[in-house]
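Beneath this line is the structure, given in structure tokens, with notes to follow.
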Amino acid sequence: MKLKTLLAAGVVAMSSTAAFAGCAVENSVPLKSLSAGFEAWKAVTDAMGECGNFQASLDQEFREKQPEAFAAKPSLYQIGGVANATMIPLLNAGSIRPLDDLVAKYGQNLTPNQLIKVDGKVMAIAMMVNAQHMMYRSDILADLGIAEPTTWGEVLAAAEKIKAAGVVDYPLGGTFKTGWNLGEEFVNMYLGEGGSFIGEGNMPAINNPQGVAALETMKAMTAYMDPEYLVSDSTYVQQQFQQGKIAMANLWASRAAAMDDEAESQVVGKVVMAAAPNGSAAPASSLWWDGMVFASNMTDEEADAAFQVAMEGIDAEMVSANNDAAVWLIKGYTPGKLAAGAAATAANGAAPYPASGPMGIMHTVLGNGIADYLNGTKDASTTLADIEAAYMTAAKEAGLVK
């Protein structure tokens, strides 16, 4: 996959969905999509909806629902919203189709950065890049004389000072919801420590000093977070910011514009987008793309219609109306201030998310196992050893290790 090419394109957040002039395609084929529910997907699917006969499911649990839905015959959805890692289960199952013929027919406005290739075939169309990066209340840090934090040590020191001042409910927010979100937090921290997840022969490689350091930083963060952090996902943290309950968080760039949404935010103009804080070796973040895949288990007529409607959803007209809803990989995008944090994170050397079949298993077992350390049931080394054991069991079942 051409991830490095994508990363050079920029980064950022969500916005409003303005009225469009209309769709150039009059669609007569019933179509459905399943994707995440953040603001960029709302903008894209609203534009697709103008073509007619289209229904969008915007669901934050999309990654759990897609594999079974796309494996159905016929597929329950024709179009899927995916990212680096969430495409892997669909790819491995053979439930998404190569797109080279459709790109040749209808993809004249796509850029090379948007063509995600696997084994030489276009398997997905990228529309944006995304990353978790530092967002902070500039007014609070200024009032307390705190400089913009650039390392996790500085973030924790700032959190202590904010806690002592009592100016917000909790100094920090974090996407620590048990499962995928918690696994991603470890991925970011571990990359920040310079760690690698999978060794030779697809063997696990996280039970080491870097893994312990990543867990220790995560544990230190919880002292400054809402005690219910194990149910805290991206929407939870976004709302904490908007309601003035937190001062800092490493949150997805796709959530940045929500901070300045006057309809729902109490902190308009007060949240600054900065680079992800560094661990001991690198930015504690991972770079992602989001885009579309198309089901194998549908007719060629449906595929043809689905691709045309999708191209209407990611055209320059949509971007013009929703410029700040994402760091778009689409012609016509102009980076704004909300893209600054994601762009700085990429410029500082954040690594792409290491998407692969083995990593999909690793991410799952991380998300399921880390809570035992955070709640004090296990120490760091035991936690990592148990996670590696769980990985081995699942990897053997998948035929990835002998």
Side-chain angles (χ1 to χ4, degrees), residues 9-20 36-47 58 60 127-144 146-149 155 158 162 167-175 226 232-277 285 288 290 317-330 332-347:
V11 228
V12 86
M14 9 201 273
S15 178
S16 61
T17 52
F20 298 93
F38 56 80
E39 211 51 39
W41 275 113
K42 294 177 185 177
V44 169
T45 54
D46 280 353
L58 302 172
Q60 289 306 102
M127 67 181 194
M128 60 178 282
V129 287
N130 205 357
Q132 285 182 269
H133 65 79
M134 178 54 60
M135 303 182 189
Y136 65 84
R137 286 279 300 276
S138 58
D139 55 333
I140 291 175
L141 268 63
D143 288 347
L144 297 178
I146 300 171
E148 180 176 290
V155 171
I162 294 167
V167 291
V168 286
D169 292 355
Y170 309 105
L172 277 177
T175 52
D226 184 333
S232 176
D233 61 7
S234 298
T235 299
Y236 192 100
V237 177
Q238 172 188 310
Q239 292 173 347
Q240 285 184 311
F241 257 131
Q242 291 174 314
Q243 295 165 10
K245 294 182 177 181
I246 61 173
M248 301 181 292
N250 216 42
L251 186 59
W252 290 101
S254 50
R255 302 285 174 159
M259 307 308 161
D260 286 348
D261 184 347
E262 294 183 354
E264 59 184 40
S265 177
Q266 302 170 23
V267 293
V268 173
K270 296 179 180 179
V271 180
V272 168
M273 308 302 152
S285 185
W288 291 71
D290 286 85
E317 185 179 15
M318 184 282 297
V319 169
S320 177
N322 298 276
N323 189 79
D324 288 336
V327 187
W328 300 108
L329 293 167
I330 300 170
Y333 171 64
T334 302
K337 68 175 184 178
L338 295 174
T345 299

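The model shown is predicted, which means the values in this text are computed figures rather than measured ones.
A pairwise comparison of heavy atoms in Pro277 and Val155 identifies CG-CG2, 3.7 Å as the closest pair. Of all non-hydrogen atoms in Val237 and Ser232, the two that sit nearest each other are CG2-OG, 3.3 Å. Closest of all the heavy-atom pairs between Thr45 and Lys42 is OG1-O, 3.4 Å. What you find for Thr345 and Ala276 is that their closest heavy atoms are OG1-N, 2.9 Å. The two residues Ala249 and Gly173 make their nearest non-hydrogen contact at CB-O, 3.5 Å. Of all non-hydrogen atoms in Asn323 and Gly332, the two that sit nearest each other are OD1-O, 4.1 Å.
In this structure, the side chain of His133 engages the main chain of Ala274 through a donor-acceptor pair within 3.5 Å. Between the Gln242 side chain and the Ala258 main chain, a donor and an acceptor come within less than 3.5 Å of each other.
How far OH of Tyr170 is from CD1 of Ile246: 11.0 Å, rounded to the nearest 0.5 Å. One finds the CG atom of Asp261 at 12.5 Å from the CZ atom of Arg255 (value rounded to the nearest 0.5 Å). Taken from CE in Met128 to CG in Leu329, the straight-line distance is 8.5 Å, to the nearest 0.5 Å. Rounded to the nearest 0.5 angstrom, Gln239 CD and Lys245 NZ are separated by 9.0 Å. One distance of note links CD of Gln60 with CG of Asp233; it measures 7.0 Å at 0.5 Å rounding.
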Would Gln132 and Thr175 count as a side chain to side chain donor-acceptor pair (under 3.5 Å) if you check the C-alpha gap in whole Å, the side-chain angles of each, and the deciding distance to 0.1 Å? CA-CA 10 Å; Gln132 285 182 269; Thr175 52; 3.2 Å; yes
Begin from the C-alpha positions of Ile146 and Tyr136 and carry the test side chain to side chain contact (heavy atoms under 4.5 Å, CB included) through to its verdict. CA-CA 11 Å; Ile146 300 171; Tyr136 65 84; over 6 Å; no
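Contact annotation: the side chain of Met135 never approaches that of Gln238 to less than 4.5 Å [non-hydrogen atoms, C-beta and beyond]. For the pair Asp260 and Ser265, the minimum side-chain heavy-atom distance is 4.5 Å or more. In this structure, the side chains of Ile330 and Met318 come closer than 4.5 Å at one or more pairs of heavy atoms. Here the side chains of Val272 and Lys337 are not in contact, with every heavy-atom distance at 4.5 Å or above. Side-chain contact between Trp288 and Trp252 is present, with at least one heavy-atom pair separated by less than 4.5 Å. In this structure, the side chains of Val268 and Met259 stay at 4.5 Å or more apart for every pair of heavy atoms. At least one side-chain heavy atom of Trp41 sits less than 4.5 Å from a side-chain heavy atom of Met127. Between Ile140 and Ile162 there is a side-chain heavy-atom pair separated by less than 4.5 Å.
Here Gln266 pairs with nothing under the side chain to side chain donor-acceptor pair (under 3.5 Å) rule; sequence neighbours left out.
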